[in-house]
Every structure is written in C-alpha cells, then in structure tokens.
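Along the sequence shown, residues carry numbers from 1. What you see is a predicted model, and the numbers here were worked out from it, not measured in a lab.
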Amino acid sequence: MARLCFDYGHGGNDPGAVYKGRKEADDVLSLGRAVAAVLRRHGVIVDETRTSDVSVSLKARCDFENMGSFDYFISFHRNAFKPEAAAGVETYTYLNPGAKSKGLAEKIQSSLVGVGFANRGVKTANYQVLRETKAPAVLIEIGFIDNSQDNALFDAKRDEIVKAVSGAILSQLGLAYIEENKNGLEGALEVLVRNGILKSPEYWLQNARKGQSVNGEYAGMLIERMAEYISSL
C-alpha cells in the first residue's frame with residue numbers, strides 16, 4: 001500500500017504569504033487535507049506534518065518525513081510576488097531530480113494547468129524540505145495569493161483542484177481515480193478489487209443486497225482475506 005507524507009506550508013505564528021487578510025497557511029491546510037481525504041478513500045495512507053494552524057519548523061517537517069517510510073513527500077504552498085503582478089502554478093523538485101519526483105511534479109503541474117491556472121512550469125530549487133527529505137519530494141505553488149484572479153480560481157474551482165491533484169498523485173502511484181459518486185456497495189467493492197482482496201465484484205453486486213443471499217463459503221473467504229490485508233498494514 002502506498003504511503004505519502006503531506007506537508008502544509010507555514011502555520012501558527014508563520015502565516016506564509018498574506019494578501020487582503022487571506023493567509024497562505026490556511027489555504028494550503030484546507031486544500032491539502034481535502035486531497036488527503038480523497039487519497040485515503042482510495043486506500044492510500046497519508047501522514048501529515050500538521051493538521052491544524054500550528055507552527056512546525058522546516059527541520060521538524062523533514063524529521064517527521066525521515067522517521068517514516070514514504071513513497072513520496074508533497075509540500076503544499078501558494079505563491080506571492082507583487083500584488084496582481086504574477087499568476088499561475090509551478091511545481092518544484094530538488095536539484096537534479098530523480099525520475100519519481102520529476103514524474104510526479106509533471107503530472108501535478110499538468111493537472112493544475114488543466115483546471116485553468118497559467119503554466120509557470122516544473123522547476124528545481126534548493127528548498128530545505130526538498131533537500132533534506134528521504135522520499136522523492138515535490139513542492140506545489142498553487143497560484144499566487146496576491147493575485148485576485150488566481151484567488152477567484154482557487155475558490156471557484158476548489159473541488160476541481162482537489163480532484164486534479166488527487167488524480168495526478170493516484171496516476172503516479174498506478175491507481176485509478178474513482179469518482180466520489182461511486183459510493184455504497186459499488187465503491188466499496190472497487191476499493192477491495194484495487195487492493196487485491198476481491199477479483200469478481202459482479203457476484204457481490206448481484207447478491208450482497210436486500211432480498212438476496214451470499215454463499216457462506218464466499219463470505220468466509222472474504223472475511224479471511226480482509227483480515228489478512230488488515231494484519232499486513
């Protein structure tokens with residue numbers, strides 16, 4: 001099972017970039033946690049360097065990632081320059097990035113451009129959270145907080161942004177994005193199939209319903225497989 005480390009920039013006594021009362025720390029916490037929720041719905045484990053408006057040093061963020069075993073480290077940010085002077089998204093990797101971090105950065109960048117942000121490209125930087133983390137790492141700058149049009153896009157298309165970033169990450173992990181409206185039995189079965197617990201969801205779709213019955217032997221096998229899967233986590 002894939003395991004990711006999400007880092008939401010700034011927080012606490014460090015609001016990050018601020019424009020007309022809007023704080024970068026708040027925007028990235030809210031958006032990043034929404035992305036994390038979607039990934040968890042797909043069976044991906046997501047650990048977070050902060051889950052509320054608290055101060056976390058850059059060293060503590062790196063230490064948190066380095067104590068775990070993660071497939072990727074993703075840091076969420078919003079950009080700033082001069083009021084209304086710059087716009088768009090850009091995604092960073094560390095200098096001389098590996099194939100995994102570069103591939104993830106390109107997918108995320110493309111997905112955000114698809115939502116409507118101007119394309120400022122995939123770039124490299126010597127940021128501490130990229131340099132001092134073990135896992136392949138990317139840092140996303142999701143629009144300029146001091147640009148009114150970027151803020152309007154960030155707010156109006158929030159759900160699309162969450163889906164875009166989630167879909168890009170899932171694609172990099174080799175997983176298919178499942179629409180949220182596939183809930184209930186159908187959505188649950190897709191999760192079981194994706195994680196190798198079931199191979200034939202058609203039987204369960206037909207029989208695991210009110211008025212129908214499930215073969216006891218099949219139910220027992222499913223319970224055993226689920227127990228094995230949970231024990232392996």
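Counted within 6.0 Å of NZ on Lys107, heavy atoms from surrounding residues, nucleotides or ligands total more than 12; the atom is thus considered enclosed. Other residues, nucleotides and ligands place no more than 12 heavy atoms under 6.0 Å from the CD atom of Gln149. At most 12 heavy atoms of other shown residues, nucleotides or ligands fall within 6.0 angstrom of atom CE in Met226.
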Show your working on side-chain contact (heavy atoms from CB on, under 4.5 Å) between Cys62 and Gln128 and close with a plain yes or no.
CA-CA 8 Å; Cys62 297; Gln128 185 172 346; 4.1 Å; yes
Checking side-chain contact (heavy atoms from CB on, under 4.5 Å) for the pair Phe64/Val56: CA distance, chi angles, key distance, verdict?
CA-CA 10 Å; Phe64 179 88; Val56 184; over 6 Å; no
Please step through side-chain contact (heavy atoms from CB on, under 4.5 Å) for the pair Glu65 and Thr49, ending with a clear verdict.
CA-CA 8 Å; Glu65 192 280 332; Thr49 58; 6.0 Å; no
Test Ile140 against Val89 for side-chain contact (heavy atoms from CB on, under 4.5 Å), laying out the working first.
CA-CA 8 Å; Ile140 320 167; Val89 294; 6.0 Å; no
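Checked by atom type, the side-chain pair Arg158/Ser30 shows a donor-acceptor distance below 3.5 Å. Between Glu84 and Tyr19, the side chains place a donor N or O and an acceptor N or O closer than 3.5 Å (distance only, hydrogens not considered).
Criterion: ILVMFWY side-chain heavy atoms under 4.5 Å apart, direct or through other members. Under it, Ile145 and Ile142 are not part of a common hydrophobic cluster. With hydrophobic clusters built from ILVMFWY side chains whose heavy atoms lie under 4.5 angstrom apart, Ile161 shares a cluster with Ile169. In this structure, Leu189 is a member of the same hydrophobic cluster as Met1, with clusters built from ILVMFWY side-chain heavy atoms closer than 4.5 Å. Neither Leu173 nor Ile45 shares a network with the other; the hydrophobic side chains, linked directly or stepwise wherever heavy atoms of I, L, V, M, F, W or Y lie under 4.5 Å apart, form separate groups for each. Linking Ile, Leu, Val, Met, Phe, Trp and Tyr whenever their side-chain heavy atoms come within less than 4.5 Å leaves Leu170 and Phe73 in two separate clusters.
Looking at heavy atoms from C-beta onward, Lys163 lies out of side-chain contact with Val38 at the 4.5 angstrom threshold. The shortest distance between side-chain heavy atoms of Asn96 and Thr124 does not fall below 4.5 Å. Residues Tyr94 and Ser101 are not in side-chain contact: their nearest non-hydrogen atoms beyond the backbone lie 4.5 Å or more apart. The closest side-chain heavy-atom distance from Lys102 to Val122 is not below 4.5 Å. Considering only heavy atoms from C-beta on, Val44 comes within 4.5 Å of Val46 through its side chain. Between Glu132 and Lys59, every side-chain heavy-atom pair lies at or beyond the 4.5 Å cut-off. Under the 4.5 Å side-chain criterion, counting only non-hydrogen atoms from C-beta, His42 is not in contact with Leu39. With a 4.5 Å cut-off on side-chain heavy atoms, Asp155 and Arg22 count as touching.
Once rounded to the nearest 0.5 Å, the distance linking CG of Leu31 with CG of Asp159 reads 10.0 Å. Rounded to the nearest 0.5 angstrom, Lys20 NZ and Asn151 CG are separated by 9.0 Å. To the nearest 0.5 Å, atom CD1 of residue Ile74 and atom OG1 of residue Thr133 are 11.0 Å apart. Between atom CZ of residue Phe117 and atom CD of residue Glu141 there is a gap of 11.5 Å, rounded to the nearest 0.5 Å. For the atom pair CZ of Arg78 and CZ of Phe154, the computed distance is 5.0 Å after rounding to the nearest 0.5 Å. Atom CD of Glu90 sits about 12.0 Å away from atom NE2 of His77, to the nearest 0.5 Å.
Between Tyr8 and Phe76, the ring planes are tilted. Angles from 30° to 60° get that label. Using cut-offs of 30° and 60° for the angle between ring planes, the Tyr203 and Tyr218 rings count as perpendicular.
Taking every heavy atom of both residues into account, Ala164 and Val115 meet most closely at CB-CG2, 3.7 Å. Closest approach of Ala17 and Ala80 over heavy atoms only: CB-CB, 3.6 Å. The two residues Asn119 and Gly121 have their closest heavy-atom pair at OD1-N, 2.9 Å. Across Leu130 and Ala125, no two heavy atoms sit closer than the pair CD1-O, 4.0 Å. Summarising the geometry of Ala25 relative to Gly11, their closest heavy-atom pair is CB-N, 3.5 Å, with the distance given to 0.1 Å. Closest of all the heavy-atom pairs between Asn215 and Glu217 is OD1-N, 2.7 Å.
Arg50 places no side-chain N or O within 3.5 Å of a backbone atom of Leu29 that could act as its donor or acceptor partner. Panel note: side chain Asp146, backbone Phe81; a donor-acceptor pair is recorded below 3.5 Å. A donor-acceptor pair is defined here as one N or O able to donate and one able to accept, closer than 3.5 Å; no such pair exists between the side chain of Asn126 and the backbone of Leu95. Of the possible donor and acceptor atoms, none in the side chain of Ser110 sits under 3.5 Å from a partner among the backbone N and O of Glu106. Panel note: side chain Asp150, backbone Ala87; no donor-acceptor pair is recorded below 3.5 Å.
Screening Leu198, Val191, Leu192 for a side-chain contact (heavy atoms from CB on, under 4.5 Å) with Asn195, the sole residue that qualifies is Val191.
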